[in-house]
Amino acid sequence: MTKTASTVGGAVLGAAAVGAVVGVVGPAFTVAGPRAGASSGTATQQFLSARPEAAAPAHAGLTLGAGVALAASGLVAASAVRRSRRAGAGAASAPAVVPVGLGCSVSAPAEQYFRDQLVACRAQLSEAGAPSVEETDQHMQELQAHAKQVLAGAAAALVFSSSMEAAVAYPIYAQQNYANPRALNGKIACANCHLAGKEIDVRMPHDVLADTIFKAQIDVPCKYEKRRQLIADGSKAALNIGAIAIMPEGWKLAPKDRLPKVLKKQMKGLSWSPYSKEYPNIVVAGPVPGSIYERMVLPILAPDPNTQKDANFGKLTMYFGGNRGRGQVYPEGNQSNNNQFFAKKDGKISAIDGLKVTIEGTDGSTVTQEVLAGGQIVVEVGEQVVKDDPLTTNPNVGGFGQAEKEMMLQDMNRVWAYCALATSIFVAQLTFVLKKKQFEKVQLAEGF
């Protein structure tokens, strides 16, 4: 009974899809009746034939693509019916199925497969120049991909617009433009956009054991409660900060399920993420409010060289970077408004129109510079300037800093070996001293 019901339901669904195709896609098609002269006892197959244009219904304005999509669903339903019938070939014969049509009537004997009607529909659609089911599927996939891109763009725009209230530092810029953020000369990619230098302080243990979790503390000092920095529209907002940690291969961010409660509390909800899939040993954080996360805590999981081939015991070096505020250069190479602007040539200030400063050179030529919103113009009309003289104040209050720390991944076997060596040396020295004392007593007793 279950198979029979499933077969009947699938057949009805397929017939419904066929009817929808004919009713929506084929307003210019109708069902042709039996040929004249056919025997009444013979089951006659009905096919679609063209309908005169004058007889087209009012809903003929529906799109062809929607109908073809319904035809595809009908084909899928018919295939399911055929498979279910093949599976139950040895069972009792299936009951008669009455086809259901939407928009037109499609009648066929119960013993005929609905595939014939679908093939006929597809042939008629092909003659009318309609796209095939495969082309429709490809088109639908393209539409889905486009919809995903639009959704992702909208989400990114929402995040960007919601974070415009604060001056921000985006590690995503480095992730998009640099496969490895640390150059061969040791420079971290963040320094290419954040030109001002500000020191950071990193504290971490000197020795750790394999497969243990420890914390690295990155201090990004600044007077966050008092200092405010420019954003893109020229207004001022609170400083945000970001950080990056470059660890040796095999080292990675500690998993959340292994973090102690004390360490979780110290992190204050700070979220670290891997730089990329290729470099899980490089992690980034930010932008986050500097007033809350001036001290950033990074939980690190030390590798176990006994189980990981890419890790080794011994002394290793870790590299850290910390930034506060916006940069001076965008990834495309153009300047941001978080800059101090300078005169491009010698001459006299001939005009100041809003953010445009015109300099008249000694040779009579003029050059107009546009200073972006933010810094205050410090020159006046008629003032003589020399090339590279400042035209505005410097609005930047942030900067980027780097630090290096050495770490010893200690092997417990080495620790036990050292303890054994130290103990043996101590025992040997103690035995030697005691023997010497005994020898001296013997000499005194014998009168030497």
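Being a predicted model, the structure only gives us computed values, none of them experimental. No hydrogens, no waters, no symmetry mates; every other heavy atom, side chains included, goes into these values.
- For the atom pair CG of Asn394 and CD of Gln340, the computed distance is 5.0 Å after rounding to the nearest 0.5 Å.
- Leu409 CG to Asp211 CG: the interatomic distance, rounded to the nearest 0.5 Å, is 10.5 Å.
- Distance check, rounded to the nearest 0.5 Å: OG1 of Thr317 to NZ of Lys405 gives 11.5 Å.
- Under a cut-off of 6.0 angstrom, the local environment of CD in Glu383 is crowded, with over 12 non-hydrogen atoms contributed by other residues, nucleotides or ligands.
- Ser350 places none of its side-chain heavy atoms less than 4.5 Å from the side chain of Val381.
- Residues Arg228 and Tyr224 have side chains that never bring a donor and an acceptor to within less than 3.5 angstrom of each other.
- Annotation for Glu142: atom CD counts as buried by contact number, over 12 foreign heavy atoms lying within 6.0 Å.
- In this structure, a donor-acceptor pair under 3.5 Å is absent between the side chains of Tyr275 and Asn180.
- Looking at residues two or more places apart in sequence or on another chain, you find no side chain to side chain donor-acceptor pair (under 3.5 Å) involving Ser291.
- At distances below 3.5 Å, not a single donor-acceptor pair connects side-chain atoms of Glu199 with backbone N or O atoms of Gly401.
- Residue Gln384 qualifies as enclosed at atom CD: its count of foreign heavy atoms under 6.0 Å is above 12.
- Going from atom CH2 of Trp251 over to atom CG of Asp310 covers 12.0 Å, rounded to the nearest 0.5 Å.
- Checked by atom type, the side-chain pair Arg326/Asn396 shows no donor-acceptor distance below 3.5 Å.
- Of the possible polar contacts, none joining the Glu294 side chain to the Gly290 backbone as a donor-acceptor pair under 3.5 Å is found.
- At distances below 3.5 Å, not a single donor-acceptor pair connects side-chain atoms of Glu406 with backbone N or O atoms of His206.
- Among all heavy-atom pairs drawn from Ala343 and Val385, the shortest one is CB-CG2, 4.2 Å.
- Contact check for Phe400 versus Lys198: no side-chain heavy atoms found under the 4.5 Å cut-off.
- A donor-acceptor pair is defined here as one N or O able to donate and one able to accept, closer than 3.5 Å; such a pair exists between the side chain of Asn323 and the backbone of Gly325.
- Sorted by first and then second residue, the salt bridge (Lys or Arg N to Asp or Glu O under 4.0 Å) pairs involving residues 421-439 (not counting sequence neighbours) form an empty list.
- Side-chain contact, Lys187 with Asn192: a donor N or O sits under 3.5 Å from an acceptor N or O.
- Other residues, nucleotides and ligands place more than 12 heavy atoms under 6.0 Å from the OH atom of Tyr330.
- Residue Gln266 forms a side-chain hydrogen bond (donor to acceptor under 3.5 Å, both in side chains) with just one option from Lys261, Lys215, Gln217, and that option is Lys215.
- At least one side-chain heavy atom of Pro181 sits less than 4.5 Å from a side-chain heavy atom of Ile282.
- At least one side-chain heavy atom of Pro221 sits less than 4.5 Å from a side-chain heavy atom of Arg324.
- Gln229 has its side chain within reach of Asn338: a pair of non-hydrogen atoms, C-beta onward, lies under 4.5 Å apart.
- Using a 4.5 Å cut-off on side-chain heavy atoms (C-beta onward), Leu355 and Leu372 make no contact.
- Judged by distance alone, with hydrogens and angles left aside, the side-chain atoms of Asn337 form a donor-acceptor pair with the main-chain N or O of Ile231 at under 3.5 Å.
- With Ser365 contributing its side chain and Gly361 its backbone, the two residues share no donor-acceptor pair below 3.5 Å.
- Listed by first and then second residue, the salt bridge (Lys or Arg N to Asp or Glu O under 4.0 Å) pairs involving residues 351-373 are Lys345-Asp363 (not counting sequence neighbours).
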Walk me through whether Arg203 and Asp201 qualify under salt bridge (Lys or Arg N to Asp or Glu O under 4.0 Å). CA-CA 7 Å; Arg203 299 180 181 181; Asp201 183 27; 3.3 Å; yes
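- Between the side chain of Asn339 and the backbone N or O of Gln328 there is at least one donor-acceptor pair closer than 3.5 Å.
- Between Leu270 and Lys268 there is no side-chain heavy-atom pair separated by less than 4.5 Å.
- Using a 4.5 Å heavy-atom cutoff, the side chains of Met296 and Ile241 are in contact.
- Checked by atom type and distance alone, the side chain of Thr368 never pairs as donor or acceptor with a backbone atom of Val357 at under 3.5 Å.
- Salt bridge status for Asp219 with Arg295: present, with a side-chain N to carboxylate O gap under 4.0 Å.
- Atom CD1 of residue Ile359 and atom NZ of residue Lys348 lie 12.5 Å apart, to the nearest 0.5 angstrom.
- Once rounded to the nearest 0.5 Å, the distance linking CG of Leu209 with CZ of Phe313 reads 9.0 Å.
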